[in-house]
Amino acid sequence: MNSELRTLNSELFKQSAISIIERLRAYSHTAFFAGGCVRDMLMGIEPTDYDIATDARPEEIIALFEKTIPVGAQFGVVKVLKDGLQFEVATFRSDSTYSNGRHPDTVTFSDAEGDVQRRDFTINGMLYDPTGDNIIDYVGGKKDIKARLIRTIGDPYKRFEEDRLRMLRAVRFACKFDYQIESETAQAAKKYASKILTVSAERIREELEKIITGPHRATGLKLMDELGLLGEILPEVIAMKGVEQPPNFHPEGDVYVHTLLSLSKLEDNPTWTLAMGALLHDVGKPVTFTIEERIKFPYHEYRGEEMAGRICDRLKTSKAEKERIMWLVRRHLCFKDA
């Protein structure tokens with residue numbers, strides 16, 4: 001797609017979203033762009049979607065638009081289909097307790113400020129009025145964008161206790177935008193890191209995929225390590241630390257340093273399977289480490305293939321993804337042989 005056509009499509013996308021807001025307002029409802037699209041606009045990034053927050057109840061949203069999908073009506077979320085595109089329209093809400101560490105037990109419909117206060121990070125907590133070209137910022141999101149900080153809205157300990165996946169999301173946003181995680185937010189993540197496996201493997205895998213295929217993927221792994229998340233999710237990668245390699249073949253350092261370097265050298269936007277193949281290609285070295293006339297790792301590619309398969313099972317990858325990742329680990333020495 002050439003840049004002119006891409007710009008045209010992006011503008012049509014935005015205008016379709018604005019038309020939804022205008023219809024809601026025509027029926028005396030409050031409505032704003034919310035979340036990531038507002039953040040991206042402030043950063044000068046083209047939004048990939050436009051989420052809308054409103055005081056209209058789900059049944060009112062459904063009545064106002066011809067094509068809708070009530071995907072999460074119990075949480076006040078309705079998808080509106082407009083011009084062949086889908087837009088998430090959510091009723092302003094406040095969340096109750098999170099007894100499962102992932103989803104609120106109940107929700108209460110609220111106002112715009114109450115809706116913002118239940119969101120995860122300040123950079124994702126702003127609203128935008130496209131008709132008045134006005135940012136509504138109750139939480140200091142603009143200030144944190146300027147300071148390049150990832151900070152929770154409100155008490156970080158409470159935010160992570162509510163939804164533990166937010167710890168991985170903090171890492172993902174930090175490495176996506178090359179931001180720092182605010183100090184108290186980081187301390188709270190360290191406290192709750194040991195609880196990350198209470199989140200479903202599928203949701204962990206989704207965040208891990210975004211981290212290791214993103215633009216600062218090695219930094220993302222280092223952040224996960226610093227916060228204590230990497231050891232919980234991928235202890236096999238932590239085991240690479242301090243495992244020496246022959247300096248004539250690997251002057252860069254131990255297996256962990258080599259692995260992060262390999263990951264960082266991948267092309268832009270690598271596939272999930274390629275990134276996992278790079279991350280796990282030497283996962284068999286710690287368990288095959290021997291010293292004969294020099295340091296050796298006999299048949300580490302075979303042991304690594306087995307370990308990669310078990311990791312894929314743990315992360316609940318698809319069968320095709322598992323097979324591809326295992327193949328990459330098993331075959332990573334083929335260029336040496338060539």
Side-chain angles (χ1 to χ4, degrees), residues 1-58 60-73 75-93 112 115-116 119-139 141-142 144-145 169 172-173 175-179 206-207 209-211 213-215 268-272:
M1 184 187 297
N2 62 46
S3 59
E4 185 177 344
L5 182 58
R6 186 162 53 245
T7 300
L8 179 61
N9 286 345
S10 297
E11 187 59 29
L12 288 172
F13 187 24
K14 183 177 180 180
Q15 289 305 316
S16 295
I18 290 173
S19 72
I20 292 172
I21 288 178
E22 289 174 339
R23 182 163 179 81
L24 286 163
R25 291 186 172 182
Y27 285 82
S28 303
H29 293 296
T30 302
F32 303 108
F33 287 149
C37 63
V38 182
R39 175 200 68 218
D40 289 349
M41 286 188 284
L42 278 174
M43 291 182 179
I45 300 170
E46 193 69 48
T48 56
D49 53 33
Y50 288 92
D51 291 341
I52 296 163
T54 178
D55 63 354
R57 300 297 178 95
E60 294 174 314
I61 297 167
I62 292 168
L64 279 175
F65 297 95
E66 183 179 352
K67 296 180 180 179
T68 60
I69 305 171
V71 291
F75 297 116
V77 181
V78 175
K79 283 192 182 294
V80 173
L81 282 64
K82 177 76 174 174
D83 302 324
L85 301 164
Q86 290 189 11
F87 299 90
E88 191 172 283
V89 182
T91 305
F92 297 142
R93 73 174 197 254
D115 185 76
V116 165
R119 294 175 181 265
D120 54 5
F121 305 109
T122 59
I123 65 169
N124 298 332
M126 294 171 287
L127 305 170
Y128 176 63
D129 174 6
T131 59
D133 190 24
N134 180 40
I135 297 287
I136 299 98
D137 183 7
Y138 297 110
V139 294
K142 287 191 289 185
D144 282 342
I145 286 176
R169 285 171 58 81
R172 194 237 300 179
F173 288 123
C175 61
K176 177 179 181 179
F177 300 122
D178 196 19
Y179 280 20
E206 288 172 7
E207 292 298 323
E209 177 175 348
K210 291 171 183 175
I211 290 168
T213 61
D268 291 343
N269 304 311
T271 63
W272 158 242

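Starting from 1, each residue takes its place in the sequence as its number.
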May I ask you to decide if the ring planes of Phe177 and Tyr179 are parallel, tilted or perpendicular, using 30° and 60° as cut-offs? tilted
Less than 4.5 Å apart, any side-chain heavy atom of Val78 and any of Ile69? no
Within the structure provided, determine whether Ile61 and Thr91 are in side-chain contact (heavy-atom separation under 4.5 Å). yes
Are Ile52 and Glu88 packed together at the side-chain level, in the sense that at least one heavy-atom pair is separated by less than 4.5 angstrom? no
Between Gln86 and Val80, is the side-chain contact (heavy atoms from CB on, under 4.5 Å) condition met? List the steps. CA-CA 6 Å; Gln86 290 189 11; Val80 173; over 6 Å; no
Validation row: Ile135, Val38 side chains within 4.5 angstrom (heavy atoms): yes
Table please: side-chain donor-acceptor pairs of residues 121-128 below 3.5 Å, with sequence neighbours left out.
{"unit_1": "Thr122", "atom_1": "OG1", "unit_2": "Asp144", "atom_2": "OD2", "d": "2.7"}
{"unit_1": "Asn124", "atom_1": "OD1", "unit_2": "Arg39", "atom_2": "NH1", "d": "2.6"}
{"unit_1": "Asn124", "atom_1": "ND2", "unit_2": "Asp120", "atom_2": "OD1", "d": "3.3"}
{"unit_1": "Tyr128", "atom_1": "OH", "unit_2": "Asp133", "atom_2": "OD1", "d": "2.6"}

Treating Asp83 as the side-chain partner and Ser16 as the backbone partner, does any N or O pair qualify as donor plus acceptor under 3.5 Å? no
Gap between atom CG of Asp51 and atom NZ of Lys79 - 0.5 Å precision: 7.5 Å
Got a list of side-chain donor-acceptor pairs under 3.5 Å for residues 41-50, not counting sequence neighbours?
none

Which residues pass the side-chain contact (heavy atoms from CB on, under 4.5 Å) test with Glu60, not counting sequence neighbours? His29, Ala56, Arg57
Partner residues of Ile18 under the side-chain contact (heavy atoms from CB on, under 4.5 Å) criterion, sequence neighbours left out: Lys14, Gln15, Glu22, Phe33, Pro130
All heavy atoms of Arg119 vs all of Ala53, minimum pair found to be NH2-CB, 4.2 Å
Stepwise, does the side-chain contact (heavy atoms from CB on, under 4.5 Å) test hold for Thr30 with Phe92? CA-CA 10 Å; Thr30 302; Phe92 297 142; 4.2 Å; yes
Can you check whether Lys82 reaches Phe87 side chain to side chain, under 4.5 Å on heavy atoms? yes
Just by modelled atom types, is the Thr271 backbone N or O under 3.5 Å from a matching donor or acceptor in the Thr213 side chain? no
Could you pull out all residues at least two apart from Asp268 that satisfy side-chain contact (heavy atoms from CB on, under 4.5 Å)? none
In chain order, what residues pass the side-chain contact (heavy atoms from CB on, under 4.5 Å) check against Asp129, with sequence neighbours excluded? Arg25, Phe32, Thr131, Asn134, Ile136
